[in-house]
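Notes follow the structure.
A quick note: this is a predicted structure, and the numbers were derived from the prediction, not measured.
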Amino acid sequence: MDNPGKLYSPPVSKIDFEEHDSSARHVVDDDSSSSHTSIKGNTAFLTEGLDDFYVPIDKYEGRHRYDPKFRWDEHEEKNLVRKIDLRICTWVCLTFFALQLDRANIVQALSDNMLKDLNLNTNDYNTGQTIFYVSFLSAELPSQLISKKLGPDRWIPMQMIMWSSVASFQAFLNSRRSFFATRSLLGLIEGGFIPDTILYLSYWYTGKELPRRLSYFWTSSQFTNIVGAFLAFGILRLRGVNGMGGWRWLFAIEGTLTGLIGIATYFYMPPSPTQTASRFRGKDGWFNEREEKIMVNRVLRDDPSKGDMHNRQAVTPKLLWQSFLDWEMWPIYLLGLSFLIPNHPITSYLTLQLRAIGFGTLQTNLLSIPAYVLFIAGLLFWTWVSEETNERFLTGLVSQIWMLPLLVALETIPSSASPWTKYTLSMLLVGTPYVHAINVAITSRNAGSVRTRTVASALYNMFVQASSLISQNIYREEDKPMYRTGNKILLAICAYNFFLFIGAKLFYVWRNRVRESRWKEMSHAERSTYLATTNDKGNKRLDFRFAH
């Protein structure tokens with residue numbers, strides 16, 4: 001034993017050997033009965049009594065730390081996870097802060113008469129945002145494939161430096177054409193950043209830990225909106241300095257800030273848990289040998305498929321196509337296409353709506369803050385609920401239950417209603433429980449292999465961006481200021497989402513029952529033969545169970 005006290009030995013399973021010679025497979029000799037533990041909760045693969053069928057590929061970056069007999073103390077692991085949170089999760093949240101600052105500051109820019117200065121109207125703004133989302137969507141999968149080849153630690157800071165340059169040069173916009181061009185460039189460069197980062201986090205965290213870390217990830221996004229509102233409150237006061245509009249100063253200053261974060265990220269972000277040593281991070285790295293062994297073995301025992309590719313191995317066209325055809329992932333993609341639509345228009349138009357109902361530029365930016373605070377509280381709370389109850393899709397349904405009465409009120413409220421009534425409804429809609437982190441985590445968890453996870457994360461986010469594209473065109477110039485037609489459409493989509501969340505839950509329950517029925521019919525010897533000879537990969541294997 002390495003340490004006294006309660007020793008932790010999560011179960012292990014057979015790895016998914018993709019694109020590797022069968023000679024790489026071998027049986028691990030482990031007589032310890034303590035490793036024969038049944039799978040419960042979030043763990044992907046059933047392994048009880050069959051954990052001999054497990055070994056990462058030789059090229060896996062943590063292969064030298066893999067040890068099926070290795071044991072550690074639970075308290076030791078908790079301390080290590082806190083260290084990972086401090087070193088990795090905190091910085092990843094900072095990078096998302098940079099993304100959101102450059103992606104969302106156009107909302108603050110609108111409050112400073114940006115559209116008027118450029119001779120644009122609401123429909124022009126919609127077109128620009130549509131161009132952004134189409135470009136963002138188009139870049140998702142190519143960016144993810146580049147990230148898998150180069151490594152997220154290299155590609156993410158490169159993206160940040162490139163988009164910050166474009167964001168800064170928005171200060172020189174002078175026409176509809178230049179507005180459309182910068183929207184397109186930003187979308188192309190920023191697209192893929194989120195799934196790239198999710199893939200990176202999956203190297204460090206188990207399936208159960210990932211949702212909460214993703215909730216921190218999106219909390220940093222909304223924290224950016226709060227910080228951005230305060231920054232805008234100050235920066236927009238520069239309107240007139242050197243003959244420039246306040247929104248031009250906003251783009252220039254915030255773009256420069258995110259560029260500096262991108263440069264720091266290039267030197268800070270390590271490739272993997274076993275590759276933290278560098279001139280910048282220290283010649284000995286952040287973790288000692290024992291800590292690296294804990295990190296590698298706990299992640300692989302939670303999800304052995306994470307050892308089937310190394311972190312700079314490209315996804316081949318064949319594997320890409322196979323992942324795209326994985327029909328059991330499509331219920332999640334369909335959810336991504338619609339679940340955010342009901343409150344997206346009011347979120348995009350928040351500052352314009354507040355200006356329209358009589359609030360000034362500075363009031364508008366400050367009044368947006370309570371909505372973001374509510375958003376953060378809901379995000380953290382409902383992600384925690386999903387972990388504690390082990391219910392993903394039913395927890396996600398809460399978001400639609402929250403929005404339905406608010407959309408009804410928004411549709412039926414008289415145009416003469418108090419500005420504060422309209423503001424309250426808008427604030428509550430923007431603060432809708434954000435279950436995106438839950439959906440992203442379940443996409444990663446249900447992929448069942450690195451190649452599917454790489455593609456699935458990008459595909460899911462592409463559907464989410466497609467939903468943004470759709471929602472950006474629901475509120476139209478001719479429908480303002482109450483947007484009655486648009487709100488009717490949002491109500492219909494909200495009702496449709498009820499069926500999607502419940503349907504996804506039932507679908508995965510059904511798939512698990514089918515697998516369980518076939519698995520129980522097999523003897524121990526038949527299961528062993530299956531695991532040794534099967535060509536089933538990732539979530540197609542009979543020992544895999546979907547989370548729901």
Side-chain angles (χ1 to χ4, degrees), residues 96 99-100 103-104 129-144 147 159 183 186-199 201-202 210-211 214-215 217-222 224-225 323-324 326 329-348 375 378-379 382-383 386 392-393 395-400 403 429-430 432-447 452-474 490 493-494 496-497 500-501 503-504:
F96 201 9
L99 172 74
Q100 190 65 13
R103 184 171 65 164
Q129 290 300 86
T130 299
I131 291 172
F132 172 83
Y133 289 123
V134 169
S135 301
F136 201 100
L137 184 155
S138 301
E140 292 276 3
L141 192 52
S143 178
Q144 186 76 340
S147 178
Q159 287 176 287
R183 288 287 93 193
L186 280 175
L188 289 172
I189 299 170
E190 293 177 351
F193 171 84
I194 294 174
D196 295 342
T197 305
I198 294 165
L199 176 66
L201 287 174
S202 72
L210 190 58
L214 291 178
S215 74
F217 189 52
W218 271 283
T219 294
S220 69
S221 168
Q222 293 308 303
T224 306
N225 290 332
S323 300
F324 183 78
D326 188 349
M329 295 298 295
W330 277 80
I332 302 177
Y333 302 155
L334 291 177
L335 266 175
L337 184 61
S338 64
F339 85 100
L340 287 173
I341 290 178
N343 79 323
H344 191 279
I346 196 68
T347 301
S348 298
F375 179 104
L379 168 61
W382 290 109
T383 303
S386 74
R392 276 71 165 195
F393 294 115
T395 302
L397 183 61
V398 170
S399 62
Q400 309 304 308
M403 286 188 286
L429 273 169
V430 173
T432 295
Y434 194 65
V435 298
H436 187 39
I438 300 172
N439 290 348
V440 168
I442 202 172
T443 301
S444 177
R445 160 62 175 75
N446 282 356
T452 303
R453 183 174 296 112
T454 300
V455 178
S457 296
L459 284 176
Y460 169 78
N461 216 47
M462 288 173 68
F463 277 87
V464 170
Q465 297 309 317
S467 77
S468 299
L469 192 157
I470 295 168
S471 60
Q472 194 63 49
N473 291 281
I474 291 177
L490 297 179
I493 294 174
C494 186
Y496 165 72
N497 288 338
L500 278 185
F501 274 105

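Using cut-offs of 30° and 60° for the angle between ring planes, the His436 and Tyr460 rings count as parallel. Ring planes of Tyr333 and Phe463: parallel class, angle under 30° (limits at 30 and 60°).
A distance of 9.5 Å separates CG in Leu188 from CZ in Phe132, rounded to the nearest 0.5 Å. Here the CG atom belonging to Leu379 is positioned 9.5 Å from the CG atom belonging to Leu214, to the nearest 0.5 angstrom. Atom-to-atom distance recorded for Leu210:CG and Ile442:CD1 is 11.5 Å, nearest 0.5 angstrom. Considering CZ of Phe193 and CG of Asn461, their distance stands at 11.0 Å, rounded to 0.5 Å. In this structure, CG on Asn439 lies 6.5 Å from CZ on Phe393, to the nearest 0.5 angstrom. Taking CZ from Phe339 and CD1 from Ile493, the interatomic distance works out to 13.5 Å, rounded to the nearest 0.5 Å.
Looking at every heavy atom in both residues, Met329 comes nearest to Thr443 through CE-O, 3.4 Å. Minimum heavy-atom separation, Pro345 to Ile474: CG-CB, 4.4 Å. Between Leu335 and Ala504, the closest heavy-atom pair is CD1-CB, 4.2 Å. Here the closest heavy-atom approach between residue Leu334 and residue Leu500 is recorded as O-CD1, 3.7 Å. Closest heavy-atom contact between Phe375 and Tyr434: CZ-CG, 3.0 Å. Contact record, Val435 with Gly396: CG1-CA, 3.7 Å, taken as the closest heavy-atom pair.
Looking at Leu337 and Ile470, their side chains come closer than 4.5 Å, going by heavy atoms from C-beta outward. Between His344 and Ser467, every side-chain heavy-atom pair lies at or beyond the 4.5 Å cut-off. Proximity of Thr224 to Phe96: side-chain heavy atoms (C-beta onward) are nowhere separated by under 4.5 Å. In this structure, Phe501 and Val398 have side chains that are not in contact, with every pair of non-hydrogen atoms separated by 4.5 Å or more. Using a 4.5 Å heavy-atom threshold, the side chains of Gln400 and Pro342 count as touching. Counting only heavy atoms from C-beta outward, the side chains of Pro211 and Ile438 never approach each other to under 4.5 Å. You'll find the side chain of Asn497 stays beyond 4.5 Å of the side chain of Met403, heavy atoms only. Counting heavy atoms from C-beta on, the side chains of Val464 and Leu340 come closer than 4.5 Å.
Between the side chain of Gln159 and the main chain of Ile189, a donor-acceptor pair closer than 3.5 Å is present. Counting only distance, with no hydrogens or angles, the side chain of Ser138 and the backbone of Val134 share a donor-acceptor pair below 3.5 Å. The backbone N or O of Ser468 sits less than 3.5 Å from a side-chain atom of Ser471, completing a donor-acceptor pair.
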Report the C-alpha distance between Gln129 and Arg183 in whole Å, list the side-chain angles of each, state the deciding distance to 0.1 Å, and finish with yes or no for side chain to side chain contact (heavy atoms under 4.5 Å, CB included).
-> CA-CA 7 Å; Gln129 290 300 86; Arg183 288 287 93 193; 2.9 Å; yes
